[in-house]
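Below is one structure, written out as structure tokens; comments come after it.
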Amino acid sequence: KNELNNLKTQYKTQYKIINGKFDKLKNEKLKIIELITGTSNLDTLLAELGNLGRKNNIQFLSIVPKEVVIADENISKKNTSARINTADLINDPLLVEGIKKYLIDFTFTTDFVNLLSFLRDLEFQDNAILLDNINLSLNSQENNNGEIDSSLNMLEIIMSITFYGKNQLN
């Protein structure tokens, strides 16, 4: 009976240690998710993107959502109903459980100085934001006399932007 009580005490102690480590890992995971996704949700981020566009004289021509990729703890299981590209999950170290990856194509016009300012402002957002496939083309405009006015030269920018946000589970 004494030996049984000793085993009980050992198991309770080990249980507390394991639970403590589990809680610590859970807290670290939440901190990592917040570091990647920031504190704002996607709606707030898109609204802020609009504000940054107005601030930097950006004229958005199109905003096309391409894909939403959700990281899930059950990815390793055979789940054919989920439309998830496993290659994206393997190649993206920021896409972990609890995070959604939003891929959006943007087309807009602005001048070079405002483009740099816009990109700099994007850099200071809470969420992790990755820019990809940036294509710039010169959009010359004519003045009232029908001549090409170099002061009206605008850039047309086509780029893919990847936003990382929290996967809000209901």
Side-chain angles (χ1 to χ4, degrees), residues 23-76 79 81-143 149-170:
D23 288 342
K24 184 179 177 184
L25 286 173
K26 188 176 179 182
N27 288 336
E28 287 178 8
K29 175 185 165 189
L30 292 175
K31 287 179 185 177
I32 289 171
I33 289 173
E34 189 171 307
L35 180 66
I36 294 170
T37 63
T39 55
S40 61
N41 63 25
L42 183 66
D43 295 337
T44 306
L45 181 65
L46 290 177
E48 182 62 22
L49 190 67
N51 291 336
L52 293 176
R54 279 189 290 282
K55 174 185 164 194
N56 294 298
N57 298 319
I58 303 289
Q59 181 181 1
F60 290 103
L61 303 176
S62 72
I63 300 173
V64 181
K66 280 182 16 183
E67 186 178 10
V68 176
V69 180
I70 302 171
D72 186 15
E73 63 184 2
N74 299 321
I75 293 299
S76 58
N79 189 356
S81 64
R83 241 192 77 212
I84 297 173
N85 187 352
T86 54
D88 282 344
L89 295 175
I90 293 168
N91 295 330
D92 193 344
L94 296 178
L95 192 60
V96 296
E97 177 191 347
I99 295 180
K100 279 186 184 179
K101 175 171 130 175
Y102 303 90
L103 297 138
I104 303 173
D105 285 339
F106 287 88
T107 303
F108 57 91
T109 59
T110 191
D111 62 21
F112 186 72
V113 173
N114 284 324
L115 172 63
L116 291 179
S117 181
F118 176 70
L119 294 175
R120 212 173 294 120
D121 287 342
L122 269 181
E123 188 177 14
F124 289 109
Q125 296 306 302
D126 274 351
N127 302 60
I129 300 173
L130 304 177
L131 305 177
D132 194 22
N133 298 329
I134 300 174
N135 295 312
L136 304 174
S137 59
L138 188 58
N139 233 1
S140 298
Q141 297 180 359
E142 294 181 2
N143 63 14
D149 188 351
S150 61
S151 65
L152 296 177
N153 285 340
M154 299 290 280
L155 295 173
E156 182 173 315
I157 298 96
I158 301 171
M159 72 168 81
S160 296
I161 301 181
T162 303
F163 300 101
Y164 291 88
K166 291 181 182 156
N167 185 12
Q168 302 295 342
L169 300 174
N170 296 332

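Leu95 approaches Lys100 most closely through the heavy-atom pair CD1-C, 4.3 Å. Shown here for Asn127 and Gly165, the closest heavy-atom pair between the two residues is ND2-CA, 4.3 Å.
One finds the CG atom of Leu155 at 6.0 Å from the CG atom of Leu138 (value rounded to the nearest 0.5 Å). With values rounded to the nearest 0.5 angstrom, Lys101 atom NZ is found 8.0 Å from Leu130 atom CG. We find the OG1-CG distance between Thr109 and Leu115 to be 11.0 Å, quoted to the nearest 0.5 Å. For the atom pair NZ of Lys66 and CG of Asp105, the computed distance is 4.5 Å after rounding to the nearest 0.5 Å. The CG atom of Leu52 sits 9.0 Å away from the CD1 atom of Ile58 when rounded to the nearest 0.5 Å. Summarising the geometry, atom CD1 belonging to Ile129 is positioned 11.5 Å from atom OH belonging to Tyr164; distances are rounded to the nearest 0.5 Å.
Counting heavy atoms from C-beta on, the side chains of Lys29 and Ile32 never come closer than 4.5 Å. With contacts defined as side-chain heavy-atom distances shorter than 4.5 Å, the pair Ile63/Ile104 qualifies. Side-chain atoms of Thr110 and Ile157, non-hydrogen and from C-beta on, do get closer than 4.5 Å to each other. Leu116 places a side-chain heavy atom less than 4.5 Å from the side chain of Arg120. Side-chain atoms of Leu119 and Met159, non-hydrogen and from C-beta on, do get closer than 4.5 Å to each other.
Asp121 pairs by the side chain to side chain donor-acceptor pair (under 3.5 Å) definition with Lys55, Asn56, not counting sequence neighbours. With sequence neighbours excluded, the residues satisfying ring pair (Phe, Tyr, Trp, His ring centres under 6.0 Å) with Phe118 are Phe108.
Phe106 pairs with exactly one of Leu49, Leu131, Leu61 by the side chain to side chain contact (heavy atoms under 4.5 Å, CB included) rule, that one being Leu49.
More than 12 heavy atoms of other residues, nucleotides or ligands lie within 6.0 Å of CZ in Phe60, so this atom counts as buried by the packing criterion.
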